[in-house]
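In what follows, a single structure is set out as structure tokens and then discussed.
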Amino acid sequence: MSTVMHIVGDLRTFAHQLGLSDNPRALCGTRVGTGAPRNAPMCPTCMRHAGWTHDKRR
């Protein structure tokens with residue numbers, strides 16, 4: 001299980017839902033496997049690539 005929460009782009013999420021990708025990559029390039037707990041901190045690299053300035057989950 002991952003120690004940080006990653007952000008996966010919309011197109012990669014859609015491809016995963018269609019079964020075209022079995023292990024999508026996050027915006028930082030990390031392969032997202034099992035996910036992270038809900039209270040895990042956000043990946044700072046993913047946040048920067050997504051243009052986030054703060055954690056939008058809250």
Can you confirm whether Val4 sits close enough to Met42 that some side-chain heavy atom of one is under 4.5 Å from a side-chain heavy atom of the other? no

Working to the nearest 0.5 Å, report the span between CE of Met5 and CG of Asp55. 8.5 Å

Non-neighbouring partners of Thr30 that pass side-chain contact (heavy atoms from CB on, under 4.5 Å), sequence neighbours left out: His6, Cys28

Nearest heavy atoms of Thr3 and Ala40, plus distance in Å: O-CB, 3.9 Å

Given Cys46, which partner from the list Val32, Val8, Ile7 fulfils the side-chain contact (heavy atoms from CB on, under 4.5 Å) test? Ile7

